[in-house]
Amino acid sequence: ADGDTNDLKLGDCAEDSADLAEYYGSDPDVSSGDIVAIKDGAYQLESERSGLTSKAFVSKSTLPYQSNTIGIVSTNPYPDILSKGVFSEQEHPVPIALVGRVPLKISTENGVIKAGDPVTSGTLAGFAMKAVQSGPIVAKALQDFPSLQQSAGENRIPCPPEARPDILCATVMAFVNISWYEKPLT
């Protein structure tokens with residue numbers, strides 16, 4: 001903050017960070033790139049360090065177009081993460097990206113993904129898929145998957161065992177965009 005005017009000055013988060021995040025408690029299997037959903041709601045508590053604060057918990061998304069998805073687990077957030085120190089290690093704190101660019105676990109469950117496509121939760125726990133009907137989305141893809149030539153940044157990963165054999169999985173860059181997608185009329 002500027003001492004003279006109390007203006008808050010924001011830049012591009014940091015040289016090597018691409019998103020702003022907030023800590024949430026989570027299930028132990030939640031990891032970077034997962035789409036997460038609200039688990040058990042939130043509650044307020046008094047903290048010696050910061051006064052009145054709150055805790056909220058997340059788990060991997062498990063349903064297509066899941067209505068209670070709230071974000072993507074960050075890989076490299078800006079160093080000053082919101083809610084830092086609120087959760088104990090036993091609560092498995094994870095940084096949930098609020099805005100910015102993040103790697104996202106994605107599958108071809110709903111077809112090929114093009115840069116700019118809206119993405120939502122799919123049937124594979126924690127994975128995104130292309131949104132092809134109206135519903136909640138978590139991000140916009142920033143790169144194609146699969147690309148004709150495996151591009152820099154396209155990081156193919158094994159799909160979960162329950163995936164159909166024709167599905168491909170990867171982590172791709174996405175822009176966090178928690179919103180509602182309306183399928184265009186044809």
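Residue numbers start at 1 and run along the sequence shown. Remember, it's a predicted structure, so these values are computed and weren't measured experimentally.
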Exercise for the section: Decide salt bridge (charged side-chain N to carboxylate O under 4.0 Å, His left out) for Asp34 and Lys105; before the verdict, give the C-alpha distance in whole Å, the side-chain angles of both, and the deciding distance to 0.1 Å. Expected result: CA-CA 6 Å; Asp34 283 336; Lys105 292 177 183 173; 3.0 Å; yes
In terms of hydrophobic clusters joined by side-chain contacts under 4.5 Å, are [X] and [Y] together?
{"X": "Val102", "Y": "Ile178", "value": "yes"}
{"X": "Ile137", "Y": "Val132", "value": "no"}
{"X": "Ile72", "Y": "Val172", "value": "yes"}

With side chains defined as the heavy atoms from C-beta onward, is the minimum distance between [X] and [Y] less than 4.5 Å?
{"X": "Thr53", "Y": "Leu45", "result": "yes"}
{"X": "Tyr65", "Y": "Pro136", "result": "yes"}
{"X": "Lys60", "Y": "Ile35", "result": "no"}
{"X": "Leu104", "Y": "Val119", "result": "yes"}
{"X": "Asp144", "Y": "Ile113", "result": "no"}
{"X": "Met129", "Y": "Pro64", "result": "yes"}
{"X": "Val138", "Y": "Asn177", "result": "no"}

Contact list for [range], test salt bridge (Lys or Arg N to Asp or Glu O under 4.0 Å), sequence neighbours left out:
{"range": "residues 175-186", "value": "none"}
{"range": "residues 161-178", "value": "Arg164-Asp166"}
{"range": "residues 111-127", "value": "Asp117-Lys130"}

When you measure from the side chain of [X] to the backbone of [Y], do you find a donor-acceptor pair of N or O atoms at a distance under 3.5 Å?
{"X": "Glu109", "Y": "Thr123", "answer": "yes"}
{"X": "Ser121", "Y": "Gln66", "answer": "yes"}
{"X": "Ser26", "Y": "His92", "answer": "yes"}

Please enumerate all residues that pass side chain to side chain contact (heavy atoms under 4.5 Å, CB included) together with [X], with sequence neighbours excluded.
{"X": "Asp40", "value": "none"}
{"X": "Ser54", "value": "Gln44"}
{"X": "Leu168", "value": "Thr108, Phe145, Pro146, Arg156"}
{"X": "Leu142", "value": "Arg101, Met173, Phe175"}

Problem - Pairs meeting criterion disulfide (SG to SG under 2.5 Å) with involvement of residues 156-185, two or more places apart - result: Cys159-Cys169
Practice task
Linking directly or through intermediates, with side-chain heavy atoms under 4.5 Å: list the remaining ILVMFWY members grouped with Val112, chain and number order.
Solution key: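 Answer for Val112: none, a lone residue.
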Handout entry: Connected hydrophobic set around Ile70, excluding itself, where side chains approach under 4.5 Å
Key =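 Tyr24, Val30, Val36, Ile38, Val58, Val73, Val94, Ile96, which link up through side-chain heavy atoms under 4.5 Å apart, make up the rest of the cluster.
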Handout entry: Value rounded to 0.5 Å, distance of CG in Asp19 from OH in Tyr78
Key =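 Here the interatomic distance stands at 12.5 Å.
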Handout entry: Non-hydrogen atoms of Pro93 and Ser88 that approach each other most closely
Key = CD-O, 3.4 Å
Fill in the blank from the handout: Nearest heavy-atom approach of Glu91 to Val86 is OE1-O, 4.3 Å
Exercise for the section: Using ring pair (Phe, Tyr, Trp, His ring centres under 6.0 Å) as the criterion, list what pairs up with Phe87, not counting sequence neighbours. Expected result: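 If we apply the ring pair (Phe, Tyr, Trp, His ring centres under 6.0 Å) test to Phe87, skipping adjacent residues, the hits are Phe57.
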Problem - side chain to side chain donor-acceptor pair (under 3.5 Å) partners for Lys140, two or more places apart - result: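 Residues passing side chain to side chain donor-acceptor pair (under 3.5 Å) with Lys140: none at all.
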